[in-house]
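Working notes, structure below.
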Amino acid sequence: MAPSPTGRFHLGSARTALFDYLLAHKTGGQFILRLEDTDQKRFVPGSEEEILRSLDWLGITPDESPVHGGKYGPYRQTERRDLYLKRANELVQKGFAYPCFCSPERLERSRKEQEARKVDRVRYDGLCRAIDPGDAAKRVASGENYVIRFKMPQDGSTTAHDHLRGDIVTENKYLDDSVIMKSDGLPTYHLAAMVDDHEMEITHVMRGSEWLSTFPLHVNIVRAFGWEEPVWIHLSVFLKPSGKGKMSKRESAQAMKDGYTIFVDDMKDLGYTPEGVLNWIALMGWGVAEDDVMSLDEMIQRFNIDTLTPSPAAINFQRLDHFNGAHIRRLPTSDLSRRIKPYFVEAGLPVEDDALLKITPLIRERLVTLDDCLAFASFFFKESVEPNPVELIAKGLDAKQSVEIAKKCFEILSALPDVSPQTAEPPMRAYVESAGLNANQVFGILRVAVTGQKVSPPLFESMEIIGREKVLSRLQNAIQILLRM
RNA sequence: GCCCCCAUCGUCUAGUGGACUAGGACGCAGCCCUUUCAAGGCUACGACCGGGGUUCGAAUCCCCGUGGGGGCACCA
């Protein structure tokens, strides 16, 4: 994959990376990360690190990259500049490109003039295309400022083949003489990517469909060099949740407010798992017959470029939650424990590994995001809980009746050697039965008393982990609260 | 304005001329399970953008509309 370090690493780039990774691992190829950093003006410090960090977190680390090395390096385009100049000159020599000495001001004037004439397509007027190559070479040698433009055919048409869309035929009269080498000596994407793809022996190019419009240029460049073309795949774009238009700054801000994000580097903090995120983005633009929860390995098994889809896909965060929860449920206890521990630590709770190992199975199927563990299990690690007095009153009963029930619970439980489900549940059920109450009422009071909340993991299992002493003291505390009402 | 791409339930998609009463998943609604919340199981609702062709037969092929997306830089 070849992102440019000009901003944050988002879902779209992540999916491209995933597909690249999947294809490489499916076919026994190498997954390469190349940095397209030829635009010094838009360079954003730190973005290269964010790309690496995100890829790493997702678990799709490149085989070759600026930091991992590899036999096709260097992997930053700015470190390959000599190569591009050499190749650009080769094109000039062969008559496929030419130096252009037009100043930005002249270009601007020409554009304005064309706009005034309401031409269908504003393009380079071709002034320097007509310069005699010998004269042009002399001007270049004399140190004059110049760029190199690709000499697009002016007649006929260009047929480019996309693996998903078939042949795309473009009339050459709609094409332009694009700049392939800038005056600062660095190439534009058009040249750099084609040269690198060839040098690095890239077999498949998967990129966003925003490249479709320059697709004819790219195949013309490759053909001018006489190189073999890679398989071209233009992936669908991601649309905002409404399906109307691409994600904008505003939409990503809105997503943040809703607890979601389109930036991979933020996913971890929001409690998402790499497995969930990967599964989610994989199925946007890839149609598997019976789509399902898949691990990375399962994706590799099933991946096939023929089953990629060309139409735009709306981002659906509810699906992310679905896949995240599904993958959390797939996690072994020890693994899940390890992953949720940091959230307790972060919250300043004295988490013990042994207890956490027992708690994890109790909350596993309740978690949508990892940080949900706090809402479900914080009470295990607190010294005491503060129940909401109102919640201590059972449905259909008043405070007086509720306190009686609480007292009875205390009486029963305190007579027991422990509060495990095996020993505590039978007598409690017997009490519910004999008192003519329903389980909801009695267990509801008990739940709020010992956990401090109305919603919790299974009650008796929870009590066992909390321990007899703490359960009884919390129950005692609840009785006091009820008495004061 | 011009060029290019795309078009099946609200969303992601399966479907490559007859096996389609159009399948699955998310979400939504109901039921079951159940001490809460989940998870799980079952059921319901829900789509081939429109119009012309081609064909014995079209969601599938062609054309025209319409809608959506992308591009028209010394950015990628």
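Aromatic pair A/Y189/A/W211: ring centres closer than 6.0 Å.
Of the residues near RNA chain B, A/R15 and A/R149, the one whose nearest nucleotide (by heavy atom distance) lies more toward the 5' end is A/R15. For the pair A/I168 and A/L239, nearest-nucleotide mapping onto RNA chain B gives the more 5' position to A/I168.
B/G68 and B/C42 are spaced 38 Å apart, taking the C1' atom of each and rounding to whole Å. A distance of about 13 Å separates the P atoms of B/U43 and B/G23, rounded to the whole Å. Straight-line distance between the C1' atoms of B/G41 and B/C4: roughly 49 Å, to the nearest whole Å. Rounded to the nearest Å, the gap between the P atom of B/U60 and that of B/A7 is 12 Å. The same atom, C1', is picked in B/G18 and in B/G27; the two are 34 Å apart, to the nearest Å. Look at the P atom in both B/U13 and B/U54: the space between them is 34 Å, to the nearest Å. Comparing the same atom, C1', in B/C49 and in B/A39 gives a spacing of 39 Å after rounding to whole Å.
Summarising the geometry, the separation between CG on A/L186 and P on B/C75 is reported as 10 Å, rounded to the nearest angstrom. Put simply, CG on A/N304 is 12 Å from P on B/A14, counting in whole angstrom units. Here the P atom of nucleotide B/U36 and the CG atom of A/L437 are 15 Å apart, to the nearest Å. What separates CH2 of A/W211 from C1' of B/C6 is a distance of 20 Å, to the nearest Å. For A/K118 and B/C72, the NZ to C1' distance is 16 Å, given to the nearest whole Å. Per the geometry, CD belonging to A/E433 stands 12 Å off P belonging to B/U35, to the nearest Å. Here the C1' atom of nucleotide B/C72 and the CG atom of A/D120 are 11 Å apart, to the nearest Å.
In terms of polar N and O atoms assigned as donor or acceptor, the side chain of A/S213 never comes within less than 3.5 Å of the base of B/C3 in a complementary pairing.
Between A/W232 and A/H218, the ring-plane angle classifies as parallel under the 30° and 60° cut-offs.
Base pairing of B/A25: its partner is B/U11, meeting the Watson-Crick or G-U wobble criterion (both donor-acceptor distances under 3.5 Å). Summarising the base pairing, B/A39 is matched to no nucleotide, lacking a Watson-Crick or G-U wobble pair whose two defining distances lie under 3.5 Å. Pair assignment for B/G1 gives B/C72, based on Watson-Crick or G-U wobble hydrogen-bonding distances that are each under 3.5 Å. Pairing of B/G50, defined by two Watson-Crick or G-U wobble distances under 3.5 Å, is identified with B/C64.
Side-chain N/O atoms of A/R447 include none lying less than 4.0 angstrom from OP1 or OP2 on B/C37. Residue A/K182 places at least one side-chain N or O closer than 4.0 Å to OP1 or OP2 of B/C75. Residue A/R429 places at least one side-chain N or O under 4.0 Å from the OP1 or OP2 atom of B/U35. For the OP1/OP2 pair of B/C75 and a distance below 4.0 Å, the side-chain nitrogens and oxygens of A/S4 include no atom meeting the criterion. OP1 or OP2 of B/C37 has not a single side-chain nitrogen or oxygen of A/K454 nearer than 4.0 Å.
Across all strands, A/R165 comes closer than 4.0 Å only to sugar-phosphate atoms, never to a base (heavy-atom distances). Using a 4.0 Å heavy-atom criterion, one finds that A/S456 contacts the bases of the nucleic acid, with or without backbone contacts as well. Among the heavy atoms of the strands lying under 4.0 Å from A/Y189 is at least one base atom, whether or not backbone atoms are also near.
Electrostatic pairing of A/D125 and A/R106 counts as a salt bridge here, judged by a charged N lying under 4.0 Å from a carboxylate O.
A donor-acceptor contact closer than 3.5 angstrom is absent between the side chains of A/E50 and A/S54.
At least one donor-acceptor pair closer than 3.5 Å links the side chain of A/R165 to the backbone N or O of A/H234.
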